[in-house]
Every structure is written in C-alpha cells, then in structure tokens.
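The next block holds one structure in the form of structure tokens; read it before the comments.
Residue numbers begin at 1 in each chain, while the letters A, B, ... track the order of the sequences.
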Protein chains: 2
Amino acid sequence: MGGALTIGEVARRAGVAVETVRYYERLGLIPPPPRKASGYRLYPEDTVRRIRFIRHAKELGFSLREVAELLALRLEPTTPCAQVKRRVQEKLQDIQRRMQALQRIEKTLEELLGACREGAPITQCPILEALEDTERGGKRHG
Amino acid sequence: MGGALTIGEVARRAGVAVETVRYYERLGLIPPPPRKASGYRLYPEDTVRRIRFIRHAKELGFSLREVAELLALRLEPTTPCAQVKRRVQEKLQDIQRRMQALQRIEKTLEELLGACREGAPITQCPILEALEDTERGGKRHG
DNA sequence: CTTGACCCTGTAGCATACTACAGGGTGTAT
DNA sequence: ATACACCCTGTAGTATGCTACAGGGTCAAG
C-alpha cells in the first residue's frame, strides 16, 4: 500500500473539498477505502483520477448519476459482453448528441465573429438557431 | 401581434413547465412580455425558441448564468465590435474545450466497444484516462 | 505538554434549478 | 349558472450537489 493517501491529499490533488470526497463516497461514486486504526481513510492513488473524471464529466453536463453509469462501464470478467456493448452504445449516442449540439453553437459563434469583423448587420438572432432541432414550434405561418 | 402565445402554450411547445417559464422570466432569461387587461402574459413566438435554447444549453453543462451570457451575444448596434469579439472568443474557447473532452470520452467508449468485440482483456480502466489532462496527480513514482 | 493541522461522524444550511401549492381571477362551452 | 382549463402572485418545498459546522479524536513538531 505504498501510494495510500489521506482524504485531504486526495481532495487537494483532485481539486475538490474534503467534504466532497466524503459526499462522493456516500453516493457510491468512490469505493470506501481502508482505514487506519484511528479511523482515517487511506485512499489508493487511483482515487484522484476518479474524482477528476467526475469533475470533468459534470462540467460536460452529466449528472452524478450519469457519471456513475459511465464509471461502471468497466469490463469486468463476469459481465456479459452483449450487455456491455449495449450500454456503451447508449452512452456513445448520448455523447455524440452533445457533441453535435456543441458544434452547432460553435459554428454560430464563429459566424457571429465573422459578422462582427465585416460589420455586417445582423437582423436575426443566430444564437437561438444554433440549437434548433426537429421539434416544431415558433414557426407557425398564421 | 399575430403570434402571441399564452404562457401555457409557450411551456407546452418549449417542453417545460409553466412555473419554469415564469422562473426564467424572474431570472431575466426571458424578457417580460406584454399583458392582456386580465394580466395574462402574451409571449412572442420567438420565446419558444429561446426556452428551447436554454434547455439544450443546460443539457450541455452550461449554468443558467452562462446561458444568459450566451443569449446576450447578440449584435446590438450600440455594442462596440471589439467587445463582442472578445466575449465571443471566450465562449468559443469554452465550447472547444468541452468538445475536446467529449471527444476523449467518445474515443474511450469506442475502444471499450472494440475490446468487447475482440474479447481482449482490459486490465486498466480506460474510462478514467479519457478525461485526464495535464494536471499532475495519481502518477507519483514513490 | 502545547499547538496547529488534520481526521472522524452527523447534522444543518447554502446555491442552483426548479416544482408545487394556496387563494383567487379569467375564458369558454354547456 | 356551472364546470373546467387556464391564468395570476407569492410562498414554500423538492432535488441535486455541495458546503459548513459542532463536537470530538489523531498526528507530528516544537
């Protein structure tokens, strides 16, 4: 157990608060670590990476529940392959949808930038169009 | 005012609750609309698009405050061009960072999928590596 | 021993983003 | 007039994700 870290060290390295680490443990996002005789937690170094992942995924819009699902996508020897495959594919689709939406915002911002350079007048609001999808609405011809 | 909508219609079309529409108005995400003599709100049709944008942007991890900032990136005739440019560029960078992070998760999931197909053993946890960045941690050689 | 940083559990509170409800008014069809 | 769906304001509550605190124990250095 050469790399065991106290909760404070984990929190510092992962960029979160100590309470957050305990909170994630309560939620099951982090496995409960072994303890010293004093009751102090001793985390494997891997925990830092895990919490960083959680942080980043949250920033991308995933709820903690969703993050837990992502983290569960490990290959375990006992998990049937077809089951993993379906779960991974679902997540992939979700991620691809998010990426497409981000691309649309990006494109619109680039157009805004171009319009700014050219001094062209903008009479529409292009940012609202960026995330328009196939839902119908606001386009009635009355 | 051919396209004026009651709050219930806006909510239905935008896919949110009536209370949410009022909430967004209180937050300033939606301009307060004109009223009938009865006090009923009459929203322009554009509001549906606006709320949809808010919804989608939230799903991508933007806070409502951040969404408000995105929505404010309209070209107004009175806004100096250099100011708009800087704001847009900041948002672009943020969006590009999020896209890169999503791409990394995507790549990892695809690798997981491939590993599943080939029946290759995975001894690491690739999902955690997906969002590793240049922060140092968990890699100490003791 | 003292000091200060760190740890523990458990409870309460804050921030964000809604969501529901009370009490009452409005609009439309029967 | 009645019934029902919808509207209003204002207040309170819920869910999520922390964040802070109380009360007390541990650790290491001076």
Side-chain angles (χ1 to χ4, degrees), chain A residues 1 3-45 47-48 50-71 94 131, chain B residues 1 3-45 47-48 50-71 94 131:
Chain A
M1 177 73 27
L5 305 169
T6 60
I7 193 169
E9 294 212 4
V10 168
R12 239 177 334 264
R13 290 189 191 181
V16 297
V18 162
E19 292 94 349
T20 308
V21 180
R22 287 199 206 99
Y23 177 64
Y24 289 164
E25 188 184 314
R26 279 202 306 278
L27 290 193
L29 285 166
I30 309 172
R35 306 276 184 125
K36 283 160 62 171
S38 56
Y40 282 27
R41 295 166 168 82
L42 287 176
Y43 290 95
E45 298 202 0
T47 308
V48 177
R50 197 170 175 93
I51 295 174
R52 285 218 189 100
F53 177 87
I54 293 166
R55 247 182 63 215
H56 291 313
K58 268 198 324 105
E59 281 160 17
L60 297 171
F62 295 96
S63 69
L64 290 183
R65 214 204 71 242
E66 284 170 326
V67 173
E69 285 164 11
L70 283 171
L71 286 171
D94 181 28
L131 288 185
Chain B
M1 179 74 23
L5 304 169
T6 60
I7 193 170
E9 294 213 5
V10 168
R12 238 176 334 263
R13 291 186 188 187
V16 298
V18 162
E19 292 94 349
T20 309
V21 179
R22 286 196 206 102
Y23 177 63
Y24 289 165
E25 186 185 318
R26 278 203 304 282
L27 291 193
L29 286 165
I30 310 172
R35 307 274 184 126
K36 281 158 67 172
S38 56
Y40 282 27
R41 293 166 171 85
L42 287 176
Y43 289 96
E45 298 202 2
T47 307
V48 176
R50 197 170 175 95
I51 296 175
R52 285 217 188 102
F53 177 86
I54 293 166
R55 249 182 59 216
H56 291 311
K58 265 194 330 102
E59 282 159 17
L60 295 171
F62 295 95
S63 68
L64 289 184
R65 213 206 71 244
E66 283 169 328
V67 172
E69 283 165 11
L70 283 172
L71 286 172
D94 182 27
L131 287 186

Practice task
Figure out the CZ/P separation between A:Arg35 and C:dC7, and round it to whole Å.
Solution key: 12 Å
Exercise for the section: Establish, with yes or no, whether the OP1 or OP2 oxygen of C:dC8 is under 4.0 angstrom from a side-chain nitrogen or oxygen of A:Arg41. Expected result: yes
Practice task
Could you check how far CG of A:Leu5 sits from P of D:dC27, rounded to whole Å?
Solution key: 17 Å
Practice task
Find out whether B:Leu70 and B:Glu66 are in side-chain contact, i.e. whether some heavy atom of one side chain is under 4.5 Å from a heavy atom of the other.
Solution key: no
Exercise for the section: Give a yes/no on whether any side-chain N or O of B:Lys58 is located under 4.0 angstrom from OP1 or OP2 of C:dC18. Expected result: yes
Exercise for the section: Report the distance from atom CG of B:Leu64 to atom P of C:dT19, rounded to the nearest whole Å. Expected result: 11 Å
Handout entry: Pairwise side-chain contact, B:Val67 with B:Phe53, heavy-atom cut-off 4.5 Å (strictly under)
Key = yes
Completion exercise
A:Arg41 and A:Pro33 have their tightest heavy-atom pair at CB-CG, 3.6 Å
Fill in the blank from the handout: Rounded to whole Å, the CD1-P distance (A:Ile51 to D:dC18) equals 11 Å
Exercise for the section: Rounded off to whole Å, could you give me the CD1-to-P distance for the A:Ile54 and D:dC18 pair? Expected result: 9 Å
Completion exercise
Whole-Å distance, B:Arg65 CZ to C:dA15 C1', equals 13 Å
Polar pairs (N or O, both sides) under 3.5 Å between protein and nucleotides 23-27 of chain C?
| residue | atom | partner | partner atom | Å |
| --- | --- | --- | --- | --- |
| C:dG25 | N2 | B:Tyr40 | OH | 2.6 |
| C:dT26 | O2 | B:Tyr40 | OH | 3.4 |

Exercise for the section: Decide side chain to side chain contact (heavy atoms under 4.5 Å, CB included) for A:Leu29 and A:Ile54; before the verdict, give the C-alpha distance in whole Å, the side-chain angles of both, and the deciding distance to 0.1 Å. Expected result: CA-CA 8 Å; A:Leu29 285 166; A:Ile54 293 166; 3.9 Å; yes
Handout entry: Validation row: B:Tyr23, B:Leu64 side chains within 4.5 angstrom (heavy atoms)
Key = yes
Exercise for the section: Apply side chain to side chain contact (heavy atoms under 4.5 Å, CB included) to B:Thr20 and B:Ile51, showing your working. Expected result: CA-CA 10 Å; B:Thr20 309; B:Ile51 296 175; over 6 Å; no
Handout entry: Candidate pair A:Leu60 and A:His56, rule side chain to side chain contact (heavy atoms under 4.5 Å, CB included), full reasoning
Key = CA-CA 7 Å; A:Leu60 297 171; A:His56 291 313; 5.5 Å; no
Handout entry: Sub-4.5 Å side-chain heavy-atom contact between B:Tyr43 and B:Arg50
Key = no
Practice task
Would you jot down, in residue-number order, the residues of residues 18-26 of chain A having a non-hydrogen atom under 4.0 Å from DNA chain C?
Solution key: A:Arg22
Handout entry: N or O in side chain of B:Thr6 less than 4.0 angstrom from D:dC7 OP1/OP2
Key = yes
Handout entry: Interatomic distance where CG belongs to B:Leu42 and C1' belongs to D:dC8 [whole Å]
Key = 13 Å
Practice task
Whole angstrom is fine here: how far is it from CG in B:Leu27 over to C1' in C:dA15?
Solution key: 12 Å
Problem - Rounded distance [0.5 Å steps], CD in B:Glu45 versus CD in B:Glu9 - result: 9.0 Å
